[in-house]
Amino acid sequence: AQSVTQLGSHVSVSEGALVLLRCNYSSSVPPYLFWYVQYPNQGLQLLLKYTSAATLVKGINGFEAEFKKSETSFHLTKPSAHMSDAAEYFCAVSKAAGNKLTFGGGTRVLVKP
Amino acid sequence: DAGVTQSPTHLIKTRGQQVTLRCSPKSGHDTVSWYQQALGQGPQFIFQYYEEEERQRGNFPDRFSGHQFPNYSSELNVNALLLGDSALYLCASSLGVLSGRSYEQYFGPGTRLTVT
């Protein structure tokens with residue numbers, strides 16, 4: 001069975017500071033990995049995805065993530081936080097194209113002015 | 001290009017009642033997945049429909065059932081509602097497996113179900 005662990009349910013950063021959200025996964029097969037963002041009272045928006053191509057993946061809104069197989073990690077970063085980045089972020093894993101997504105518990109990001 | 005739409009936006013039901021939630025996929029998509037997101041948690045996979053058949057199912061009881069129509073829209077039905085069924089129900093659409101891009105799931109805004 002696959003699982004996803006997001007370290008830190010809440011992260012507080014200052015505007016302009018680095019955003020780092022941690023995600024570790026377990027999977028019996030090479031995974032597909034995703035980061036989604038959820039703004040209050042909204043659905044999930046895909047930020048970026050890893051599908052066995054380049055290990056450094058660039059997404060929307062200046063976010064990027066690096067797949068590290070040896071560490072079973074897929075951490076999300078953004079060099080400079082903006083107030084609009086305040087939201088909840090979910091890491092998800094899938095074992096195959098078209099397969100179900102298994103989500104982590106989420107990390108809520110607060111951006112301080 | 002219309003994205004994934006869901007109706008209704010909010011719903012309040014009483015324990016023991018039945019509820020039907022609806023989803024229209026993104027234009028061009030033929031696969032629909034349903035997820036339950038309890039407050040403060042990540043979404044949990046309920047089931048997925050493709051070619052009008054249930055293809056995958058998560059760890060949910062038979063009280064949760066679904067349907068996909070020829071136009072690819074879908075319904076989620078929950079019978080004998082429990083207080084614990086209160087959650088945000090998310091629909092996601094994607095292209096079929098044969099497309100080679102089926103890993104991209106696009107989510108709708110969700111239906112907030114409250115069971116009292």
Side-chain angles (χ1 to χ4, degrees), chain A residues 1-10 21-25 27 29-53 57 59-60 67 74 76 87-109, chain B residues 3-7 9-10 21 23-26 29-51 53-60 66 87-112:
Chain A
Q2 299 176 63
S3 66
V4 176
T5 301
Q6 292 184 239
L7 296 178
S9 58
H10 292 79
L21 305 182
R22 300 180 185 275
C23 172
N24 289 90
Y25 69 91
S27 177
V29 298
Y32 296 113
L33 293 158
F34 309 82
W35 276 99
Y36 283 86
V37 60
Q38 186 175 36
Y39 297 99
N41 301 313
Q42 293 187 27
L44 302 176
Q45 180 183 9
L46 180 65
L47 279 177
L48 49 80
K49 60 182 182 289
Y50 167 76
T51 57
S52 73
V57 180
I60 62 172
F67 171 68
F74 190 57
L76 181 71
E88 188 146 24
Y89 293 79
F90 292 95
C91 181
V93 63
S94 175
K95 68 178 181 181
N99 211 267
K100 66 176 184 179
L101 294 172
T102 299
F103 286 86
T107 298
R108 185 169 299 278
V109 172
Chain B
V4 180
T5 59
Q6 293 186 243
S7 63
T9 305
H10 295 86
L21 310 181
C23 171
S24 292
K26 181 178 169 65
H29 285 185
D30 56 10
T31 301
V32 173
S33 301
W34 287 92
Y35 293 81
Q36 180 196 65
Q37 185 179 19
L39 197 62
Q41 298 183 22
Q44 299 285 320
F45 174 76
I46 303 175
F47 42 54
Q48 182 185 80
Y49 278 84
Y50 173 65
E51 293 186 333
E53 290 190 14
E54 183 182 291
R55 299 291 178 171
Q56 300 176 62
R57 188 177 182 92
N59 189 25
F60 279 80
L88 180 68
Y89 287 85
L90 295 164
C91 170
S93 74
S94 57
L95 289 167
V97 176
L98 297 179
S99 73
R101 296 187 61 192
S102 56
Y103 44 76
E104 294 182 3
Q105 294 192 22
Y106 293 82
F107 284 79
T111 293
R112 174 74 62 188

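Every chain is numbered from 1, with letters handed out A, B, ... down the list of sequences. Please read all numbers here as calculations on a predicted model, not as lab measurements. Scope of the values below: all heavy atoms of this structure, side chains included, with no hydrogens, waters or symmetry mates.
- Residues that satisfy the side-chain contact (heavy atoms from CB on, under 4.5 Å) test with Arg22(A), not counting sequence neighbours, are Leu7(A), Leu20(A), His75(A).
- Among pairs with a residue in residues 35-45 of chain B, none fulfils salt bridge (charged side-chain N to carboxylate O under 4.0 Å, His left out), at least two apart in sequence or across chains.
- To the nearest 0.5 angstrom, Asn41(A) atom CG is 6.5 Å from His10(B) atom NE2.
- Neither the backbone nor the side chain of Glu88(A) comes within less than 4.5 Å of any heavy atom of chain B.
- Residues Lys100(A) and Gln48(B) have side chains not in contact (no heavy-atom distance under 4.5 Å, counting atoms from C-beta outward).
- For chain A, the option among Gly108(B), Gly110(B), Pro109(B), Pro43(B) with the highest count of heavy-atom pairs below 4.5 Å is Pro43(B).
- We find the CD-CG distance between Gln56(B) and Asn99(A) to be 4.0 Å, quoted to the nearest 0.5 Å.
- Atom CZ of Phe45(B) is separated from atom OG1 of Thr102(A) by 9.0 Å, given to the nearest 0.5 angstrom.
- With chain B as the partner, the residue from Gly106(A), Ala92(A), Gly104(A), Gly43(A) showing the most heavy-atom pairs under 4.5 Å is Gly43(A).
- Taking OH of Tyr36(A) as the start and CD of Gln105(B) as the end, the distance is 5.5 Å to the nearest 0.5 Å.
- Residues forming a ring pair (Phe, Tyr, Trp, His ring centres under 6.0 Å) with Tyr39(A) (at least two apart in sequence, or on another chain): none.
- Among the residues in residues 33-40 of chain B, those with a non-hydrogen atom closer than 4.5 angstrom to a non-hydrogen atom of chain A are Tyr35(B), Gln37(B), Gly40(B).
- Residue Phe34(A) holds its CZ atom at 8.0 Å from CD of Glu104(B), rounded to the nearest 0.5 Å.
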